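Residues take their numbers from the sequence shown, with the count starting at 1. Please read all numbers here as calculations on a predicted model, not as lab measurements.
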Amino acid sequence: MAESKKLAVGSITWRDLTVKEAEQVRDFYSKVVGWKTSPVDMEGYDDFNMNLPGSGETVAGICHARGPNAKLPAKWLIYITVADVDVSAKRCVELGGKIIDGPKAMGDLQFCVIEDPVGAVAALVCKK
């Protein structure tokens, strides 16, 4: 996720997929949808930015299910910007949802992964 990008509350600001077979899935989406890839150093292994073929704009990520991503589900995950992750996480639980991971820091961002009362999963994110 581009940390310098201005985050508008309520918007979907990122999407990624965390799986054990990140290289295999990277290659799958490159061949199916035409994305180009670039590595993201995770201190000992690489995750991957998925980039538009013409402009090179990064539109998604494919990550290994290890390190800081070890608890994330193997699903495409959207990141929704909120004003305060801690407040939104508390509200999630009060309304019948669950916290899957976090809240925790990711660069200059804070995020958590939630499951809503019917089982859908999303991440909440904000600037620290």
Side-chain angles (χ1 to χ4, degrees):
M1 179 184 309
E3 293 180 15
S4 61
K5 185 176 182 180
K6 183 170 170 80
L7 305 176
V9 172
S11 64
I12 297 171
T13 52
W14 185 246
R15 56 236 137 252
D16 62 28
L17 176 61
T18 298
V19 294
K20 290 181 180 175
E21 308 83 6
E23 289 90 356
Q24 177 185 353
V25 173
R26 172 204 59 198
D27 295 345
F28 172 84
Y29 281 101
S30 291
K31 293 173 183 170
V32 170
V33 301
W35 283 335
K36 304 299 181 191
T37 67
S38 57
V40 177
D41 180 27
M42 298 301 291
E43 298 183 16
Y45 64 95
D46 288 336
D47 284 342
F48 307 100
N49 282 333
M50 306 308 286
N51 310 311
L52 295 178
S55 68
E57 176 187 357
T58 300
V59 294
I62 294 183
C63 307
H64 288 87
R66 60 174 139 161
N69 295 328
K71 295 181 183 178
L72 300 182
K75 300 177 182 184
W76 277 104
L77 187 62
I78 60 169
Y79 289 70
I80 304 167
T81 299
V82 296
D84 185 310
V85 167
D86 293 323
V87 169
S88 292
K90 182 179 177 189
R91 197 168 297 142
C92 166
V93 173
E94 291 169 354
L95 295 171
K98 300 176 191 171
I99 305 299
I100 294 176
D101 193 23
K104 61 185 179 181
M106 178 173 57
D108 67 343
L109 304 173
Q110 183 178 16
F111 84 103
C112 71
V113 179
I114 64 168
E115 182 179 298
D116 70 25
V118 298
V121 176
L124 307 177
V125 64
C126 72
K127 292 270 188 184
K128 285 196 247 179

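Looking at residues two or more places apart in sequence or on another chain, you find a side-chain contact (heavy atoms from CB on, under 4.5 Å) between Lys128 and Ala105, Gln110. Partners of Lys75 under the side chain to side chain donor-acceptor pair (under 3.5 Å) rule, at least two apart in sequence or in another chain, do not exist in this structure. Evaluation of the side chain to side chain donor-acceptor pair (under 3.5 Å) rule for Asp16 yields Trp14, Tyr79 as partners, not counting sequence neighbours. Shown here are the side chain to side chain donor-acceptor pair (under 3.5 Å) partners of Ser38, two or more places apart in sequence or in another chain: Asn51. In this structure, the side-chain contact (heavy atoms from CB on, under 4.5 Å) partners of Val93, at least two apart in sequence or on a different chain, are Ile99. Evaluation of the side chain to side chain donor-acceptor pair (under 3.5 Å) rule for Glu23 yields His64 as partners, not counting sequence neighbours.
Counting Ile, Leu, Val, Met, Phe, Trp and Tyr side chains that sit under 4.5 Å apart, directly or through other members, Leu17 shares a hydrophobic cluster with Val19, Val25, Phe28, Tyr29, Val32, Val33, Trp35, Phe48, Met50, Leu52, Val59, Ile62, Trp76. Cluster partners of Val40, using a side-chain heavy-atom cutoff of under 4.5 Å among ILVMFWY residues and allowing indirect links, are Met42, Tyr45.
Here salt bridge (charged side-chain N to carboxylate O under 4.0 Å, His left out) pairs that include residues 60-73, with residues two or more places apart or in two chains, number zero. Counting only residues at least two apart or on different chains, the salt bridge (charged side-chain N to carboxylate O under 4.0 Å, His left out) pairs with a member in residues 112-123 are Lys98-Glu115.
Residue-environment remark: NZ (Lys104) exceeds the threshold of 12 foreign heavy atoms within 6.0 Å.
Taking each heavy atom of Pro73 and Val121 in turn, the nearest pair found is CG-CG1, 3.8 Å. Shortest non-hydrogen contact noted between Cys126 and Val82 is CB-O, 3.0 Å.
Ser55 contributes a side-chain N or O that, together with a main-chain N or O of Glu57, makes up a donor-acceptor pair within less than 3.5 Å.
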